[in-house]
Number of protein chains: 2
Amino acid sequence: MSDAKPRVIVVEDEPQIRRFVSDALRREGCTPIQAGTAQQGLDEVVAGKTDLVVLDLGLPDMSGIEFIRDLRTWSRVPILILSARSGEQDKIAALDTGADDYLAKPFGVGELLARVRALLRRHREDDDASPHHRFGDVEADLSRRIVSRAGQELHLTQIEYRLLAVMLANSSKVLTHRHLMQEVWGPGHGEQAHYLRIYVARLRQKLESDPTQPQHILTETGVGYRFQP
Amino acid sequence: MSDAKPRVIVVEDEPQIRRFVSDALRREGCTPIQAGTAQQGLDEVVAGKTDLVVLDLGLPDMSGIEFIRDLRTWSRVPILILSARSGEQDKIAALDTGADDYLAKPFGVGELLARVRALLRRHREDDDASPHHRFGDVEADLSRRIVSRAGQELHLTQIEYRLLAVMLANSSKVLTHRHLMQEVWGPGHGEQAHYLRIYVARLRQKLESDPTQPQHILTETGVGYRFQP
DNA sequence: CATCCAATGTAAAAATGGCGTAAACGCCGC
DNA sequence: GCGGCGTTTACGCCATTTTTACATTGGATG
């Protein structure tokens with residue numbers, strides 16, 4: 001296990017706070033990635049191995065709860081909430097949706113960093129607990145965003161990766177077209193199920209030993225797809 | 001999901017608060033174990049498989065920090081701190097010593113339970129057993145949309161599956177032609193009961209050991225069909 | 001008991017629409 | 001511009017559904 005700097009995504013629309021948090025994280029030894037919108041944030045989580053997401057609930061393009069729900073369908077990366085709202089119902093909603101910690105503004109930078117350290121410490125331990133899937137001659141390490149086949153590391157595009165991640169996170173469950181579309185392409189793309197066929201085909205091309213007779217990425221006609229380990 | 005109740009140790013010297021927290025946890029579906037001293041608390045963690053420790057920092061026989069340091073030398077069980085002290089240095093010290101979360105008094109019981117749920121969610125391994133029906137040598141897992149016979153997974157088309165699902169959901173009740181048609185084909189298809197015969201036949205072909213003498217998918221002449229487990 | 005007939009079961013064509021594949025297009029970063 | 005990637009368009013195949021046709025059951029009736 002290499003002790004590279006933890007990669008932390010800071011999702012916060014106010015540039016001032018975003019920079020303030022990022023600077024603190026950098027002093028802490030992390031590599032902060034700044035995202036001004038929820039969509040940017042999700043994209044950054046996909047873009048590389050992510051160790052922590054620091055999320056402001058007040059975003060312009062998506063509610064924080066939606067962000068958490070979306071992310072949680074395909075990733076277990078720790079989430080620390082920053083919020084101007086200190087009401088108990090807000091905290092409960094965020095934590096129950098999948099957040100790991102909730103810090104109300106105004107907060108001390110010392111406490112923020114201590115909570116960040118606690119989450120990173122936990123997550124590092126979880127790493128050993130096997131976040132990597134194996135099926136056929138394919139090995140997928142979702143937390144490091146590495147997929148390899150027969151020992152040979154292979155490249156997946158963002159959509160290919162997100163599609164695979166959603167399917168792995170729901171192994172052996174049937175996922176409807178609509179559900180997959182909304183998880184991978186975002187809300188509002190519930191209909192055009194044709195995209196799915198194209199990317200499922202590409203995944204099969206890259207992962208299945210015989211793409212014509214898929215063993216793991218199975219189609220449930222008229223319903224959706226299912227991943228079989 | 002019917003997993004065992006999480007075992008939670010409540011280490012708190014004031015009996016009133018201890019009982020208050022324990023009651024809340026019990027309502028939450030946990031099994032609280034009460035400990036009035038740090039030593040008792042450590043003993044209880046040793047005594048059985050523990051899912052969470054809720055710890056008050058103000059203990060008579062040992063400082064909370066020492067408790068955490070001691071526990072962390074041999075256990076990685078999640079620790080949630082309750083404390084009357086809300087100073088930032090106290091939080092930082094506890095979190096850095098090995099605690100996972102820190103809640104300052106006074107706290108809302110809703111937030112406490114939400115944070116407990118968040119920690120337990122992280123800790124437990126996924127053992128979500130889905131409700132599945134069984135009859136003869138057939139096994140049907142409706143939530144995963146998988147039906148198998150004699151251990152061999154078999155494929156059902158959409159109509160076959162929906163028909164089976166409706167019958168399973170109303171076991172041993174008589175379902176009229178009209179009712180089945182409307183459940184499977186949707187409103188407006190109440191009449192053409194002939195479709196039913198075709199698909200009932202296919203289900204029997206796939207599920208019954210002797211399709212000529214069905215044991216489970218029974219016909220109620222003139223009325224409809226009935227599923228017998 | 002034989003017969004009839006309506007309901008039910010079986011089998012096989014025909015039509016529908018979902019699915020997979022390929023290729024062209026457009027966008028954007030390098 | 002070039003290459004990678006997401007999007008769009010086009011098309012053939014085939015599973016599934018629907019239609020059609022025919023055999024069988026079983027109970028009522030005379």
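Just so we're on the same page: letters track the sequence lines, and every chain starts at 1.
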- Item | Rounded distance in Å - CD (A:Glu220) to P (C:dG20) | 11 Å
- In whole angstroms, how far is the P atom of C:dT8 from the CZ atom of B:Arg204? 11 Å
- Note on the structure: Whichever of B:Arg202 and B:Ala193 has the more 5' nearest nucleotide on DNA chain C, that residue is B:Ala193
- Between A:Arg226 and B:Glu153, does at least one N-O distance fall below 4.0 Å, as a salt bridge requires? yes
- Task: Using a 4.0 Å heavy-atom cut-off across all strands, classify A:His189 as base, sugar-phosphate, or nothing.
- Result: nothing
- Any ion pair linking A:Glu191 and A:Arg178 (charged N to carboxylate O, less than 4.0 Å)? yes
- Query: Base, sugar-phosphate, or nothing: which does B:Thr212 touch, judged by heavy atoms less than 4.0 Å apart?
  - Reply: nothing
Scan nucleotides 25-30 of chain C against the protein and return all N/O pairs shorter than 3.5 Å with their distances rounded to 0.1 Å.
none

- Note on the structure: side-chain contact (heavy atoms from CB on, under 4.5 Å) test vs A:Tyr225 passes for just one of A:Leu218, A:Leu175, A:Leu196, namely A:Leu196
- Just how far, in rounded Å, is P of C:dG9 from CG of B:Leu203? 12 Å
- In terms of side-chain geometry, is the basic nitrogen of A:Asp141 or A:Lys49 positioned less than 4.0 Å from the acidic oxygen of its partner? no
- Note on the structure: To the nearest angstrom, the OH-P distance between B:Tyr161 and D:dT17 comes to 14 Å
- Ion pair check, A:Arg115 and A:Asp100, cut-off under 4.0 Å: no
- Message: For A:Asp51, is there an ion pair with A:Arg7 - N to carboxylate O distance below 4.0 angstrom?
- Response: no
- Item | Residue B:His177, side-chain heavy atoms: nucleotide from D:dG6, C:dT8, C:dT10 that is nearest | C:dT8
- Task: Remember a base hit wins even if backbone is also touched, and classify B:Tyr225 as base, sugar-phosphate or nothing at under 4.0 Å, heavy atoms.
- Result: sugar-phosphate
- Item | A:His194 vs A:Thr221, nearer the 5' end of DNA chain D by closest nucleotide | A:His194
- Item | Length of the CD-P vector between A:Gln158 and D:dC5, whole Å | 10 Å
- Indicate whether OP1 or OP2 belonging to D:dT17 is found under 4.0 Å from a side-chain N or O atom of B:Trp185. no
- B:Arg197 has an atom CZ; how far is it from atom P of D:dT20, in whole Å? 16 Å
- Value in whole Å for how far the P atom of D:dT20 lies from CD of B:Gln192: 11 Å
- According to a strict under-4.0 Å criterion, is B:His155 in side-chain N/O contact with OP1 or OP2 of D:dT16? yes
- Message: Using modelled atom types and a 3.5 Å cut-off, is there a donor and acceptor pairing between side-chain atoms of B:Tyr161 and backbone atoms of B:Leu142?
- Response: yes
- B:Ile198 CD1 to C:dA13 C1', in whole Å, measures 12 Å
- side-chain N/O B:Thr219 vs C:dA7 OP1/OP2, d < 4.0 Å: no
